[in-house]
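The next block holds one structure in the form of structure tokens; read it before the comments.
As the structure lists them, so they are numbered: ligands from 1, and atoms in each ligand from 1.
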Amino acid sequence: MKFPIIDAHIHFDMYEKHERQQIIEDLLKEKIEAMISVSNNYTSAVENLRLNKTYPQIKPAAGYHPEQPLPSKKETADIVDLIFKEKDNFYAIGEVGLPYYLRKKGKVSNLKEYINMLETYIDLAKQLDKPIICHAVYEDANIVLDLLKKHSVEKAHFHWFKGSDHTLEQIRKAGYFISVTPDSCYEKEIQHIVSKFPLEYLMVETDGPWPFKGEFEKELTHPRMIHESIQIISNIKQLEPSDVYNRLLKNTKKFYQC
Ligand SMILES: [Zn+2]
């Protein structure tokens, strides 16, 4: 039995036109109430805003994705201006964070500049009283946690969290949220995280169009995959799926006020 869901993190603007159309057509049938569509850069933020005008189920967030070269000063200024101008239409600041994977590839020589950029967005989230969506995994999550605490941020979402039990515990203590993707269906590491983290602070997402493996191999990433994630979460938590659906929907609606 399927109940309503919200995809708490998707890059809807990054799908091909016909793929977007397909997802939009499936919304009712797949009980997808809404999607939090995060932005990678300025152009992406403009596009997500535009999409929201046509499809109100797409809830846009604006930021600069950290897994890419640093933006020009002008681009950051443009993103900040856009967020101020459209503050009533953006649901959150994101996707922002630190470039974990880029750094592993040896492509980041100046982490401090990424931290400075992140602080700009943390400031903005505070000023505008918006939730912040963080790409911060493994050791980076600890740096980001310290920054969030330093700025007394109340609403932070560590999307597709990966990291140690200790870091997870710090996130929980701070009252921040995490979300899991469809890889919760086949990744032991993610299933462990689900087992450790309270359902009250959990959300579900796809990070689409990012592709998945296992049962989703070669499939277009679609928010309907979240129904599979919820079955797994219910098994791990030993709860009725209907209760898990209900809790996750409530969490996401409250967190994003959507
Ligand atoms: Zn993302």
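Within the cation-pi definition used here (under 6.0 Å to the ring centroid, within 45° of the axis), Lys59 does not qualify as a partner of Tyr256.
Excluding waters, the set of protein N/O/S atoms under 2.8 Å from the Zn ion (ligand 1) reads His9 NE2, His11 NE2, Glu95 OE1, Asp207 OD1.
One side chain, His157 or Ser179, offers a donor N or O that lies under 3.5 Å from an acceptor on the other.
Less than 6.0 angstrom separates the ring centroid of Trp160 from the ring centroid of Phe212. Checked against the 6.0 Å centroid criterion, the rings of His135 and Tyr100 do not qualify as a close aromatic pair.
In the displayed structure, Lys149 atom NZ is contacted under 6.0 Å by more than 12 heavy atoms of other residues, nucleotides or ligands.
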For this session: Could you walk me through whether Ile232 and Glu228 pass side chain to side chain contact (heavy atoms under 4.5 Å, CB included), step by step?
Result: CA-CA 7 Å; Ile232 295 289; Glu228 306 299 317; 5.9 Å; no
